[in-house]
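This report refers to the structure that appears directly beneath it.
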2 protein chains.
Amino acid sequence: MRGIAHLARELGVSTATVSRALNGNPNVNAATRQTVLEAAQRLGYAANQAARSLAQGVTHSVGFMIELDQESTTSTDYFFMGVVEGMQAVLAAHGLDLLVLPCAKSQDNFTYLQRFVSRGAVDGMILAETRRIDRRIDLLQSSGIPFVTLGRSDSGSGYSWIDLDFEGVMATAVDRLVQGGHRRIAVTLPSGDANYGSIFAEAYRDSLARHGLAFDEDLVILTRRREDDGDAVVDGLLDRPDPATAIILFYEVTAIGIYRRLAERGLRPGRDLSIIGFRGEDSVRFLTPQVTCFHLSLPDIGTAAARALLAQLPLAAPASSSGIVQCRVPLSLVPGESDGPVPAGQA
Amino acid sequence: MRGIAHLARELGVSTATVSRALNGNPNVNAATRQTVLEAAQRLGYAANQAARSLAQGVTHSVGFMIELDQESTTSTDYFFMGVVEGMQAVLAAHGLDLLVLPCAKSQDNFTYLQRFVSRGAVDGMILAETRRIDRRIDLLQSSGIPFVTLGRSDSGSGYSWIDLDFEGVMATAVDRLVQGGHRRIAVTLPSGDANYGSIFAEAYRDSLARHGLAFDEDLVILTRRREDDGDAVVDGLLDRPDPATAIILFYEVTAIGIYRRLAERGLRPGRDLSIIGFRGEDSVRFLTPQVTCFHLSLPDIGTAAARALLAQLPLAAPASSSGIVQCRVPLSLVPGESDGPVPAGQA
DNA sequence: CGTAGTATTGTAAGCGCTTACAATGCTAAG
DNA sequence: CTTAGCATTGTAAGCGCTTACAATACTACG
């Protein structure tokens, strides 16, 4: 606690020797190192972080910037923990600390990020909830600090990102439904300005097009991440001359409301309306029939992001090509009974 | 980006003046300050964090240590974001940065904490998931760093903590049930070693005792935070000579499984089994009949913790008595229809 | 025995910023 | 006209650590 000088004096060596011993510098007598390490342990000494950073010009920590949104607080939550877990594991293995930096939705996320970056508080950054147009990316690129984003963006160019394979998910889902004879396939999209909303929407149109199905904007419904929205979805899709026979949910939790509403109307999921959820969530596990959905390992996202960042850090990176990683993490389909072929005699 | 010296040279003043201007030191000519601030803005200058910390001996940041647990990931969940939101708001208002520090369950949380503390990486600490015996508290106390815990512990003494008013919750719940004629009141408790489990259990026994009800350990059931456990709960409580007529749930999500199982047995929540949940959770909102439960503002917990910490920091703390805050945040009962009087003709 | 070469340690110069203290230029009182 | 007193600015000494470079002590060799 009293600094390296204290420890050095105690041992009768110079601070340089202590520093070298502690940092694994090879130019130290093995015996000396041993002594120093023991003494450090005994006296509970740990190098002052600020001093180290200042002297080395490196912080040994990376930031993960997340946004706090009172509204969708519970949604980010689950996603968050799993991802952080993966990141933490990888970074820790490389001697890096992960600092989760929460930015209130109410404050300017650009300024918030800028503070940490320009102050040199972290060696690298990971961003979440990327927007289609996201100034933060330009900021990071121009500042030259290594970074990775969770989610693609149209801003910046040639930077590393990790994203979900929304295209693959959508293609698989639509293929499956079309296979079952569905031609009126609806979709729910997230309200909000994160880029994944747009991507999911595009993938939807593309997939329909591939099968020669017309796009009908009446089959597109914006939802929040709440079960309540199910009523509107069901009534909106079925009470029309050309009702939808299937729906793909961005927020799987919507299934709860849909199931309830269907039950009220005496209808059954998988027969009267085929439902495919996007991302297997605990809160939907108990529904009967089981929701057909796509699964995903949250920690894997985190490790992927962390690795992508490591590739850019001046650590043991053996000149790994460009160092840029752009990866769409695939999700696997977990068949349930919430979807099925169009009943004979229906459109 | 190029340091305060660069800025100073650019302006033809000394670094001291620049520093003073930037830090709001009153001994600077107003005009000079203006010039400096403008130049800093224009050149995108921001003081190096490490250098500041080293010179000032203060980091202007506080850590919030959380534990990542793949298993119970969903438990910490929902809790996290809301609480962080409150903390962040209060701390930011005082010019402090909040660093969320995730510790993998697999690694030693004591060592993890120690690193950040002894390195002087933060000015203060907030701990979550306090254990009944928690060495981290002793560590923090002996290190002298200001800290607050979310949850009580038997370790340490005279430190600040914020916790939920489990006692109040339990008393209210039991009172309400007894009022309805219940005398066989069961409870579910969290498995795991966090202290709140023990506290909830004690409060349960105390409340029963207050009403002269005997404690029966058969009425105590350990659950995880999953809806599945409902089956065991229902069958275990009802299939016995002296069945329980009511149950208080630590994890409200258990209600989902209970409802399902009751339905399978042709029974109805609120009539055949009274249910009171502990903490209103989104995932249970959709159940019918609505679960009677206790509500809580997550951000309030966060702000309370942050304030308790601020009281210990050498900021604008006007000698606030001892600076120690120990507070049990009350929860409000939100009546639903999942509980009711014991039907006539029953035990 | 002298010397180049190697292993180990010490010396001291920063890293970029803050801040006590000294210095300067004024203003206003004597 | 002098000088005490205030406002403003500059000078320079660290903060605790790392690291280039110098110094020292050995070892092995010719």
Side-chain angles (χ1 to χ4, degrees), chain A residues 1-37 39-40 43-61 95 115-123 314-315, chain B residues 1-37 39-40 43-61 95 115-123 143 314:
Chain A
M1 311 285 187
R2 280 151 80 198
I4 202 175
H6 175 64
L7 223 189
R9 211 173 312 120
E10 194 85 359
L11 294 169
V13 297
S14 72
T15 60
T17 299
V18 174
S19 173
R20 280 188 283 250
L22 257 27
N23 291 310
N25 184 308
N27 300 327
V28 187
N29 182 295
T32 309
R33 157 164 299 127
Q34 195 55 34
T35 319
V36 173
L37 289 179
L43 277 61
Y45 169 81
N48 176 287
Q49 182 61 53
R52 287 195 97 206
S53 298
L54 183 55
Q56 295 186 135
V58 166
T59 64
H60 298 296
S61 65
R115 270 237 317 293
F116 285 96
V117 171
S118 60
R119 282 173 161 186
V122 293
D123 293 346
L315 296 173
Chain B
M1 309 288 188
R2 279 150 81 198
I4 202 176
H6 175 65
L7 224 188
R9 210 173 313 121
E10 194 85 357
L11 294 170
V13 298
S14 73
T15 61
T17 299
V18 174
S19 173
R20 280 188 282 251
L22 256 27
N23 291 309
N25 184 310
N27 299 328
V28 187
N29 182 294
T32 308
R33 158 166 296 127
Q34 193 57 34
T35 318
V36 173
L37 290 179
L43 276 60
Y45 169 81
N48 175 287
Q49 183 62 52
R52 288 195 94 204
S53 299
L54 183 56
Q56 295 185 135
V58 166
T59 65
H60 297 298
S61 65
R115 268 238 317 295
F116 285 96
V117 171
S118 60
R119 283 173 161 186
V122 293
D123 294 345
S143 79

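Naming: A, B, ... by sequence-line order, numbering from 1 per chain.
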**Any donor-acceptor N/O pair under 3.5 Å between C/dG16 base and A/R119 side chain** = no
Side-chain contact check for B/R20: nearest option of C/dA20, C/dT8, D/dA20 is C/dA20
* **Sugar-phosphate, base or nothing in reach of A/T17, heavy atoms under 4.0 Å** => sugar-phosphate
Using a 4.0 Å heavy-atom cut-off, does A/A47 contact any base of the nucleic acid, only the sugar-phosphate backbone, or nothing at all? sugar-phosphate
By nearest-heavy-atom nucleotide on DNA chain D, the more 5' of B/L54 and B/S14 is B/S14
When rounded to whole Å, the CG to P distance for the pair B/N29 and D/dG10 reads 11 Å
note: A/H6, atom NE2; D/dC15, atom P; distance rounded to Å ~ 16 Å
Interatomic distance, OG1@A/T32 vs CG@A/L37, rounded to 0.5 Å, equals 10.5 Å
The single option from A/N23, A/L7, A/V28 that satisfies side chain to side chain contact (heavy atoms under 4.5 Å, CB included) with A/V18 is A/L7
**Prompt:** Which part of the nucleic acid does A/T32 contact within heavy-atom distance under 4.0 Å: base, sugar-phosphate only, or nothing?
**Reply:** sugar-phosphate
Out of D/dT9, C/dT18, D/dC17, minimum distance to the side chain of A/R52 belongs to D/dC17
Rounded to whole Å, CG of B/N27 lies from P of C/dT18 at a distance of 15 Å
note: B/R9, atom CZ; D/dT11, atom P; distance rounded to Å ~ 13 Å
Between CD of B/Q56 and P of C/dG16 the distance, given in whole Å, is 17 Å
Atom CG of A/L7 and atom C1' of D/dG16 are separated, to the nearest Å, by 13 Å
- Message: Please tell me if B/N25 has a side-chain N or O lying less than 4.0 Å from either OP1 or OP2 of C/dT18.
- Response: no
TODO: Pick base, sugar-phosphate or nothing for B/G12, based on heavy-atom distances below 4.0 Å to the nucleic acid.
DONE: sugar-phosphate
Value for OG1 (A/T17) from CG (A/L11), rounded to nearest 0.5 Å, stands at 10.0 Å
Look at A/Y45 and D/dG16 and indicate whether a side-chain polar atom (N or O) is within less than 4.0 Å of OP1 or OP2. no
Q: Would you tell me if any nitrogen or oxygen in the side chain of A/S19 comes within less than 4.0 Å of OP1 or OP2 on D/dT18?
A: yes
To the nearest angstrom, the CD1-P distance between A/I4 and C/dT9 comes to 14 Å
Item checked: Sub-4.5 Å side-chain heavy-atom contact between A/V13 and A/R20 -> no
Between CD of B/Q49 and C1' of C/dG16 the distance, given in whole Å, is 12 Å
- Go through the steps to decide whether B/L43 and B/H6 satisfy the test side chain to side chain contact (heavy atoms under 4.5 Å, CB included), and finish with yes or no. CA-CA 10 Å; B/L43 276 60; B/H6 175 65; 4.1 Å; yes
